[in-house]
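Single-structure report; data block below.
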Amino acid sequence: MNKTTFLYEGKAKKLYDTADPNMVIVVYKDDATAFNAQKKGTIIDKGIYNNKITEIIYKKLASEGIPTHFVQRLNDREQVCKKVQIIPLEIIIRNFIAGSLAKTLKIEEGKEIDTPILELCYKKDELGDPMINGTHVIALKLATAEDLKTIYDLAHKINTILQKFFIDRDIILVDLKMEFGKLPNGEIILADEISPDTCRLWDKTTKHKLDKDRFRRDLGDIESAYQEVYKRLQ
Ligand code: UDP
């Protein structure tokens with residue numbers, strides 16, 4: 001399958017149409033951004049690792065019955081995905097307190113939570129992706145109540161599957177961000193990448209960070225963190 005028309009360039013990926021109207025090709029870049037794109041940089045070969053890590057994770061999720069947009073990886077940086085209409089929400093699930101929540105609530109990063117926390121953010125760069133709740137989503141018609149129920153259910157299932165998948169590889173899934181899209185028949189499926197760009201991943205024993213926080217916080221050893229996640233997932 002080949003790229004035809006260029007569709008869209010995001011912060012970490014480019015999107016192309018293909019000859020099949022139901023399929024797109026996603027190209028993973030090495031560009032990294034943080035803090036609503038105020039910080040920019042390059043993480044060498046990040047696109048290759050995130051493409052391959054996303055493939056492994058999506059295959060695992062599909063094997064557990066989760067509907068996803070992933071079709072196949074084409075090469076180092078490209079994958080074929082089903083074309084969906086993205087629901088403009090970021091669904092974040094947290095198993096430990098970290099990042100923006102640690103800051104907002106002034107709770108020490110790393111505290112484990114008994115019940116996963118689910119947050120919704122409205123995907124709108126110019127607003128800085130503000131946090132909203134389910135009633136905003138329904139009132140603003142970003143999704144229906146029924147869609148939202150499906151999304152919550154899928155998000156919790158995905159978190160449970162991935163928590164186990166990662167811990168079996170000595171990695172703690174601290175939190176993760178998911179996006180969902182709609183197929184022309186109305187079915188809601190998981191879309192976008194799941195990678196160290198979109199999850200917080202800590203080594204089980206040392207709590208060493210193996211994710212984009214190394215870039216956000218200038219912690220060094222960024223490339224080797226992405227490599228290490230890929231190595232452990234293979
Ligand atoms: N996240 C993401 N994209 C975003 C915002 C957050 O992938 O635009 C991920 C982030 O990598 C982390 C989780 O969502 O794994 C929770 O992020 P948080 O709200 O703590 O925000 P951040 O610290 O990234 O500002």
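Ligands are counted one by one from 1 in listed order, and the atoms in each one are counted from 1 as well. Predicted model only: the values in this text are computed from it and were never measured.
With a 4.5 Å cut-off on side-chain heavy atoms, Arg94 and Ile92 count as touching.
Of all heavy-atom pairs spanning Leu118 and Tyr152, the tightest one is CD2-CE2, 3.5 Å.
The environment of Ile44 atom CD1 is sparse: at most 12 non-hydrogen atoms of other residues, nucleotides or ligands sit within 6.0 angstrom.
Under the 3.5 Å distance criterion, with hydrogens and angles disregarded, no donor-acceptor pair is assigned to the side chains of Asp45 and Tyr226. A donor and an acceptor atom, one from each side chain of Asp147 and Thr144, are located under 3.5 Å apart. Counting only N and O atoms by type, the side chains of Asn95 and Asn159 include a donor and acceptor under 3.5 Å apart.
Protein residues with any heavy atom under 4.0 Å from ligand 1: Glu90, Ile92, Arg94, Ala98, Gly99, Ser100, Asp129, Asp175, Lys177, Asp197, Thr198, Cys199, Arg200, Arg216.
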